Asks: 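Got a structure for you, questions after.
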Protein chains: 2
Amino acid sequence: MSERPSPSAPRRAPRRDALRNDAVVIQAAREVFAEQGPQASMESIAARAGLGVGTIYRRFPGKDALLDAIARLFVQELDEATAAALADPDPAAGLERFLDFVGAFNTEKRRYASLLAGRLGADDEVSRPTFERIRQLTQKAVDAGHLAPDVTGDDIRALVAAIHAVVAAAPDGDGSAWRRFVRIHLAGLRAGRTEG
Amino acid sequence: MSERPSPSAPRRAPRRDALRNDAVVIQAAREVFAEQGPQASMESIAARAGLGVGTIYRRFPGKDALLDAIARLFVQELDEATAAALADPDPAAGLERFLDFVGAFNTEKRRYASLLAGRLGADDEVSRPTFERIRQLTQKAVDAGHLAPDVTGDDIRALVAAIHAVVAAAPDGDGSAWRRFVRIHLAGLRAGRTEG
DNA sequence: GCGACTCCGGAATGATCGTTCCGATTCGCC
DNA sequence: GGCGAATCGGAACGATCATTCCGGAGTCGC
């Protein structure tokens with residue numbers, strides 16, 4: 001019984017250059033997909049990374065896996081934003097901080113919406129724990145009297161989806177039209193008693 | 001010498017089958033693009049139409065032209081809806097009727113958003129005369145006191161874009177989540193004095 | 001430094017798809 | 001019914017692109 005971790009794997013540690021390339025590929029893919037959308041070719045990504053296509057395929061089973069990896073990255077950033085917003089002692093401020101993040105995120109990276117579209121199903125456009133946090137964030141704001149009593153996490157989720165679209169539809173120069181949109185919608189969420 | 005209407009065009013009327021196929025192609029393309037998105041193949045459209053691909057190319061210079069033709073059709077429908085809404089004697093009712101149309105239109109045809117995206121530039125997502133009518137519609141509602149004084153056509157246009165997204169993001173069964181969204185946003189547009 | 005093994009580059013492969021082309025078919029007119 | 005032209009069908013072409021493959025370069029443990 002010599003201590004081999006696994007009978008058939010006397011593996012060596014991965015080489016340093018391989019590890020570095022891992023990060024380089026993700027970064028390049030992020031940039032290229034943001035610029036050209038999901039139909040960007042693997043070759044253009046490889047070129048941006050300064051690598052050959054084969055190197056990408058060593059790490060990722062295929063283009064779809066690469067797309068998924070990046071989508072997961074975005075969800076993770078959104079996740080961190082919800083966690084930060086939830087930690088804010090003032091519920092209203094936390095909610096607005098979160099919505100600010102969503103708008104800024106999409107403004108910076110216009111094309112990400114098309115990347116996420118379809119890749120994450122309708123009911124997990126936001127990963128489940130993230131949505132749970134949005135729900136809590138909403139509930140706190142309702143309890144504090146900042147939103148009408150019947151407002152739910154679904155309403156905020158719809159608003160998030162709407163922000164995507166408003167950012168994408170805004171004229172080129174205008175990077176903050178979405179702020180006005182959010183302000184208006186929040187006014188509706190405060191005042192609106194939707195006796196349904 | 002002999003009386004030809006035009007020197008170089010002794011044209012005969014188009015054949016009846018050609019005229020019929022024109023409509024068949026458009027209809028098939030509408031259906032297939034709605035189901036599969038803009039990346040649907042020309043062959044699948046031809047198959048749906050019960051025709052050969054060559055027949056499509058006789059009418060349309062290429063796939064892009066076909067896509068454009070359908071996008072123009074949608075804009076035209078939207079155009080008619082704005083005209084009808086503007087004709088309504090009650091400004092508030094006209095505006096709501098218009099927004100109802102937008103939501104229903106997108107609900108029926110989920111994938112049309114991706115078809116229109118990018119094809120019509122940011123500043124003519126709605127054709128110019130259509131946008132002019134939206135502006136008038138908005139102004140009438142403002143003058144009648146149904147919307148806050150500083151609301152403009154751009155606000156309604158943003159709402160239209162948002163409705164697209166909300167419809168697309170809604171869970172499968174739920175074909176009317178967008179109604180709630182619109183109701184809330186309209187409340188914000190009524191109450192919100194955005195002293196900016 | 002050296003040997004063995006991992007990793008990289010980029011040409012080759014196979015599939016998909018938009019577009020073209022031309023013989024066969026159908027239509028309009030007499 | 002028959003002729004000439006417009007139209008159709010769908011095979012063939014060329015381009016693009018994801019994916020594979022393997023000879024050669026680079027790295028690690030010693």
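Residue numbering restarts at 1 for every chain, and letters A, B, ... go by the order of the sequence lines. On a predicted model such as this, the values are computed, not experimentally measured, just so you know. Because only heavy atoms are used, hydrogens play no part in the values below, and waters and symmetry mates are left out as well, while side chains stay in.
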Asks: Write down the distance between OH (Tyr57(A)) and P (dC22(D)), rounded to a whole number of angstrom.
Replies: 17 Å

Asks: How many Å lie between CD1 on Ile56(A) and C1' on dC8(C), as a whole number?
Replies: 12 Å

Asks: Between Asp79(A) and Arg133(A), is there a side-chain N and carboxylate O pair less than 4.0 Å apart?
Replies: yes

Asks: How close or far is atom C1' of dC17(C) from atom CD of Gln39(A), stated in whole angstroms?
Replies: 15 Å

Asks: For Ala40(B), which contact category applies under a 4.0 Å heavy-atom criterion: base, sugar-phosphate, or nothing?
Replies: sugar-phosphate

Asks: Return the nearest nucleotide to the side chain of Met42(A); candidates are dT19(C), dT19(D), dT7(D).
Replies: dT19(D)

Asks: Considering only side-chain heavy atoms of Ala18(B), which listed nucleotide, dT19(D), dT7(D), dC17(D), is closest?
Replies: dT7(D)

Asks: I want to verify a distance call: between dT7(D), dC7(C), dA18(D), whose nearest atom is closest to the Arg58(B) side chain?
Replies: dT7(D)

Asks: Write out all pairs satisfying salt bridge (Lys or Arg N to Asp or Glu O under 4.0 Å) with one or both partners inside residues 13-27 of chain A, taking only residues at least two apart or from two chains.
Replies: Arg15(A)-Asp17(A), Asp22(A)-Arg59(A)

Asks: What heavy-atom pair brings Ile45(B) and Ala28(B) nearest, and what distance separates the two atoms?
Replies: O-CB, 3.9 Å

Asks: How long is the line joining CZ of Arg59(A) and C1' of dT6(C), in whole Å?
Replies: 10 Å

Asks: Five pairs at each end of the helix from dG1(C)-dC30(D) to dC30(C)-dG1(D): take the axis at both ends and give me the angle between them to 10°.
Replies: 30°

Asks: With respect to the phosphate group of dC8(D), does any side-chain polar atom (N or O) of Asn21(B) fall under 4.0 Å of OP1 or OP2?
Replies: yes

Asks: For Leu67(A) and dA18(D), give me the distance from atom CG to atom P, rounded to whole Å.
Replies: 10 Å

Asks: List the steps, then state whether side chain to side chain contact (heavy atoms under 4.5 Å, CB included) holds for Leu147(A) with Leu95(A).
Replies: CA-CA 11 Å; Leu147(A) 297 177; Leu95(A) 184 59; 3.8 Å; yes

Asks: Go through the structure and list residues passing side chain to side chain donor-acceptor pair (under 3.5 Å) with Asp174(B), not counting sequence neighbours.
Replies: none

Asks: In whole angstroms, how far is the P atom of dT20(D) from the CZ atom of Phe60(A)?
Replies: 15 Å

Asks: Please collect all ring-ring contact (aromatic ring centres under 6.0 Å, His included) contacts where either partner lies in residues 85-104 of chain A, sequence neighbours excluded, each pair once.
Replies: Phe101(A)-Phe105(A)

Asks: In chain order, what residues pass the side-chain contact (heavy atoms from CB on, under 4.5 Å) check against Leu19(B), with sequence neighbours excluded?
Replies: Pro14(B)

Asks: Which pairs, with at least one residue in residues 36-52 of chain B and sequence neighbours excluded, count as a salt bridge (Lys or Arg N to Asp or Glu O under 4.0 Å)?
Replies: Glu31(B)-Arg48(B), Glu35(B)-Arg48(B)

Asks: How does each nucleotide of nucleotides 24-30 of chain D score, in 5' to 3' order, for protein heavy atoms under 4.0 Å: base (B), sugar-phosphate only (S), or none (-)?
Replies: --BSB--

Asks: Output all residues satisfying side chain to side chain donor-acceptor pair (under 3.5 Å) with Thr55(A), sequence neighbours left out; order by chain, then residue number.
Replies: none

Asks: Starting from C1' on dC17(C), measure out to CD1 on Ile45(B) and report it in whole angstrom.
Replies: 12 Å

Asks: Not counting sequence neighbours, which residues clear side chain to side chain donor-acceptor pair (under 3.5 Å) with Glu77(A)? List them please.
Replies: Arg30(A)

Asks: With sequence neighbours excluded, what pairs up with Asp100(A) under the side chain to side chain donor-acceptor pair (under 3.5 Å) test?
Replies: Arg179(A)

Asks: What's touching nucleotides 10-16 of chain C from the protein side, N or O pairs under 3.5 Å?
Replies:
| from | atom 1 | to | atom 2 | distance (Å) |
| --- | --- | --- | --- | --- |
| dG10(C) | O6 | Gly54(A) | N | 3.2 |

Asks: List the residues meeting side-chain contact (heavy atoms from CB on, under 4.5 Å) with Ser44(B), not counting sequence neighbours, and say none if there are none.
Replies: Val32(B), Gln36(B), Ala40(B), Ser41(B)

Asks: Separation of Leu66(B) atom CG from dG18(C) atom P, in whole Å?
Replies: 11 Å

